[in-house]
Asker: 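Before I ask anything, here is the structure I am working with.
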Amino acid sequence: MDFRISPAEQDIQTRARRFAREHIAPHAAQWEREEHFPAETLRAYAQEGLVGLTVPKELGGPGASTVAYALSIMELAQACSATAVTVAVSSMVAEVLSRFATPEQHQRFLSPLLKGDFFAGSFALSEPGAGSDAASLRTSMQIDGDTGIINGEKTWISSGTHAGVFVVWVRDNGEGSRGISTVLVSPEDPGFSVGRKEDKMGLRASSTVSLHFGDCRIPVNERRLSQQGGGFRIAMTALDGGRIGVSSQAWGIAKAAMTALRQGLQEQRGSLIGEERAMIAQMETELQAAYGLILRAAWLKDHKKPFSSQAAMAKAYATETANRVCQQAVTLLGEEGCTQLYPIERLLRDCKVTTIYEGTSEVQRIVIARSLMRA
Ligand SMILES: Cc1cc2nc3c(=O)[nH]c(=O)nc-3n(C[C@H](O)[C@H](O)[C@H](O)COP(=O)(O)OP(=O)(O)OC[C@H]3O[C@@H](n4cnc5c(N)ncnc54)[C@H](O)[C@@H]3O)c2cc1C
């Protein structure tokens, strides 16, 4: 078994780390305070060729591995978890486009996303009343000649204020998961508008909004990503890969908390009592276990082996570990841990949602159990 990452993967990790340390980390606390979406920084990151890492070279992407992608998100999240989630969602959208879009759609939507001409891409699946149970979504699309007319609402959509392309799931083929199709929506499409911005406990530099479709008209033949009724499979495939991104994000948050904790303890007192030693040793062990799960899921995906259950394990374990690590880091630093003297209070707030989006921990356990029972 070879645990080394390849020189190409190492190169991506180094480039992401350098960018994150120079251009993101110094501003993360301020962006969070001011709820600033770092559009120009995201553009510069894309111009470095680091968005949509897994998009093949023949489609204008970097053609990197999922392992490299996971390592890059870990680096970003150590600097700013809000930036990490924005890049992770854009990269998920880029991967969906690379796999399912036509050459014309690549040119119109994928290419600007990879080059930074779009600040971000959005993945619009969730609705009021359709979160974990995405198959019950109600946003509808009716066909009138060459026009698709979309009506409904999406909620909790990351980057919705700045996205240049929205991958949207609509119902156009009856009830259930087979009634769902996937289409591409541009922010300029008539009848599309961005609604309420969520006032979140963390990740405040990432915008999370509702989207309104009021007789939103799209040229449907140019914008279909799936066959009629074939959209649900695209969502599930994308979420399997997306979970590697979220677990990497959570891992980066926890790693940043460990770094800040070490620094804080050295500043406070320089030595640990027995119980504290045991606590910190357990935190680091769990973090390393999460790292192994994440990279194993990424490796399986790269080697075209089934990875859905492994990605679900990585997500449930890494996100819950990250929450435990951040909580315990605050505990170990005492009252100072609750202040902005250290970034840990921000990391703790940022961390919670990683157990929720792209499938809650409960949903991950359903995926794992189903796969076990099928085996
Ligand atoms: C910051 C943020 C960003 C987001 N970004 C996006 C985005 O970009 N695009 C997008 O489409 N969505 C996005 N979401 C939505 C997210 O994916 C949903 O919140 C998530 O899927 C959970 O859905 P829900 O909130 O409706 O919870 P619900 O589905 O209502 O679940 C509520 C609780 O019930 C539990 N539960 C539900 N069903 C079961 C079950 N069968 N068995 C056991 N327990 C169950 C859940 O685990 C949870 O604890 C985002 C959410 C947040 C918080």
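Here, residue 1 is the first one in the sequence, and each next residue gets the next number. As the structure lists them, so they are numbered: ligands from 1, and atoms in each ligand from 1.
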Asker: Could you tell me whether atom 4 (C) of ligand 1 has a protein heavy atom closer than 4.0 Å?
Answerer: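 Under the 4.0 Å cut-off, atom 4 (C) of ligand 1 does have protein heavy-atom neighbours.
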Asker: Could you tell me whether ligand 1 has any atom less than 4.0 Å away from a heavy atom of Ile157?
Answerer: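 In this structure, Ile157 qualifies as a contact of ligand 1 - some heavy atom is under 4.0 Å.
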Asker: Looking at Leu125, which atoms of ligand 1 are within less than 4.0 Å of one of its heavy atoms?
Answerer: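 The atoms of ligand 1 under 4.0 Å from a heavy atom of Leu125 are 11 (O).
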Asker: Among all protein heavy atoms, pick out the one at the shortest distance from atom 24 (P) of ligand 1; state its residue, atom name and that distance to 0.1 Å.
Answerer: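 Ranking protein heavy atoms by distance from atom 24 (P) of ligand 1, first comes Gly131 CA, 4.0 Å.
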Asker: Under 4.0 Å from a heavy atom of Ile366: which atoms of ligand 1 are those, numbered in the order shown and with their elements?
Answerer: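 So the answer, numbered in order with elements, is 40 (C), 41 (N), 42 (N).
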Asker: Can you tell me if Ile356 contacts ligand 1 (heavy atom of the residue under 4.0 Å from the ligand)?
Answerer: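 Yes, that is the case, since the closest heavy atom of the residue is under 4.0 Å from the ligand.
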Asker: Is a side-chain donor-acceptor pair under 3.5 Å present for Thr54 with Glu95?
Answerer: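 Looking only at side-chain atoms, Thr54 and Glu95 do form a donor-acceptor pair, the distance falling under 3.5 Å.
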Asker: Does the protein put a heavy atom under 4.0 Å from atom 35 (C) of ligand 1?
Answerer: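 Flag for atom 35 (C) of ligand 1 set to false, no protein heavy atom closer than 4.0 Å.
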Asker: Indicate yes or no: does Glu222 engage Arg108 in a salt bridge with an N to O separation below 4.0 Å.
Answerer: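 Salt bridge between Glu222 and Arg108, a charged N being under 4.0 Å from a carboxylate O: no.
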Asker: Any protein heavy atom sitting closer than 4.0 Å to atom 41 (N) of ligand 1?
Answerer: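 True for atom 41 (N) of ligand 1.
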Asker: Among all the protein's non-hydrogen atoms, which is closest to atom 29 (O) of ligand 1, and how far away is it?
Answerer: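 For atom 29 (O) of ligand 1, the nearest protein heavy atom comes out as Ser132 OG, 2.6 Å.
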Asker: Nearest protein heavy atom to atom 7 (C) of ligand 1, by residue and atom, and its distance?
Answerer: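 So the nearest neighbour among protein heavy atoms is Trp156 O, 3.2 Å.
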Asker: When the ring centroid of Phe37 is compared with that of Phe119, is the distance short of 6.0 Å?
Answerer: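 That pair fails the under 6.0 Å test.
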Asker: State, without any angle test, whether Ser140 and Asn151 hold a side-chain donor-acceptor pair at a distance under 3.5 Å.
Answerer: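 Not at all, the side chains of Ser140 and Asn151 share no donor-acceptor pair under 3.5 Å.
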Asker: Which residue and non-hydrogen atom of the protein lie closest to atom 2 (C) of ligand 1, and at what distance in Å?
Answerer: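 The closest heavy atom on the protein side is Tyr357 CD2, 3.3 Å.
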Asker: So for atom CD, which belongs to Gln47, do other residues, nucleotides or ligands contribute more than 12 heavy atoms lying within a distance under 6.0 Å?
Answerer: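 Count over threshold, so yes.
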Asker: If the cut-off is 4.0 Å to any non-hydrogen atom of Glu362, which atoms of ligand 1 fall inside it?
Answerer: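 This gives 43 (C), 44 (N), 46 (C), 47 (O), 49 (O) as the contact atoms.
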Asker: Determine whether the side chains of Ser361 and Glu320 contain a donor N or O and an acceptor N or O closer than 3.5 Å.
Answerer: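 The criterion, which ignores hydrogens and geometry beyond distance, is satisfied for Glu320 and Ser361.
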Asker: Name the closest protein heavy atom to atom 46 (C) of ligand 1, giving the residue it belongs to and the distance to 0.1 Å.
Answerer: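 Here the nearest protein heavy atom works out to Thr360 OG1, 3.6 Å.
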Asker: Under 3.5 Å, is there a donor on one side chain and an acceptor on the other for Glu9 and Gln13?
Answerer: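 No pair is found: no donor N or O on one side chain lies under 3.5 Å from an acceptor on the other.
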Asker: Out of the candidates Arg349, Arg346, Lys200, only one should pair with Glu32 under the salt bridge (charged side-chain N to carboxylate O under 4.0 Å, His left out) rule; please name it.
Answerer: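 In the set Arg349, Arg346, Lys200, the residue that makes a salt bridge (charged side-chain N to carboxylate O under 4.0 Å, His left out) with Glu32 is Arg349.
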Asker: List the closest protein heavy-atom neighbour of atom 8 (O) of ligand 1: residue, atom name, distance to the nearest 0.1 Å.
Answerer: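 Atom 8 (O) of ligand 1 sits closest to the protein heavy atom Ser158 N, 2.9 Å.
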Asker: Using a cut-off of 6.0 Å, state whether more than 12 heavy atoms not belonging to Gln107 lie near its atom CD.
Answerer: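 No, CD of Gln107 has 12 or fewer neighbouring heavy atoms, counting only those of other groups under 6.0 Å.
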Asker: Is the gap between the ring centers of Trp169 and Phe123 under 6.0 Å?
Answerer: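 Between Trp169 and Phe123, the centre distance is under 6.0 Å.
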Asker: Can a protein heavy atom be found under 4.0 Å away from atom 50 (C) of ligand 1?
Answerer: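 Protein heavy atom within 4.0 Å of atom 50 (C) of ligand 1: present.
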Asker: So which heavy atom on Ile12 is nearest to which on Ser72, and how close?
Answerer: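 Nearest heavy atoms, Ile12 then Ser72: CG2-CB, 4.2 Å.
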Asker: Does at least one non-hydrogen atom of Asp133 fall below 4.0 angstrom from an atom of ligand 1?
Answerer: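 So Asp133 does not count as touching ligand 1.
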Asker: Could you label the plane-to-plane angle of the Phe213 and Phe192 rings as parallel, tilted or perpendicular, counting under 30° as parallel and over 60° as perpendicular?
Answerer: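 Answer is perpendicular, since the angle exceeds 60°.
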Asker: Would you mind running through ligand 1 and noting each atom that sits below 4.0 Å from a heavy atom of Phe123?
Answerer: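 Reading through ligand 1 atom by atom, the close ones are 7 (C), 8 (O), 9 (N), 10 (C), 11 (O).
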Asker: So which protein heavy atom does atom 18 (C) of ligand 1 come closest to, and at what separation?
Answerer: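 So the nearest neighbour among protein heavy atoms is Ser126 OG, 4.1 Å.
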Asker: Please tell me if atom 32 (C) of ligand 1 is touched by the protein, where touching means a protein heavy-atom distance below 4.0 Å.
Answerer: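 So far as the 4.0 Å threshold goes, atom 32 (C) of ligand 1 is out of reach of every protein heavy atom.
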Asker: Give the atoms of ligand 1, by number and element, whose distance to some non-hydrogen atom of Lys200 is under 4.0 Å.
Answerer: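 Listed by number with element, the hits are 1 (C).
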Asker: For Gln78 and Thr259, what are the C-alpha separation, side-chain angles and deciding distance, and is it a side-chain hydrogen bond (donor to acceptor under 3.5 Å, both in side chains)?
Answerer: CA-CA 9 Å; Gln78 287 177 67; Thr259 306; 5.0 Å; no
Asker: Go through ligand 1 atom by atom and flag the ones less than 4.0 Å from a non-hydrogen atom of Glu358.
Answerer: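 Numbered from 1, ligand 1 contributes 17 (O).
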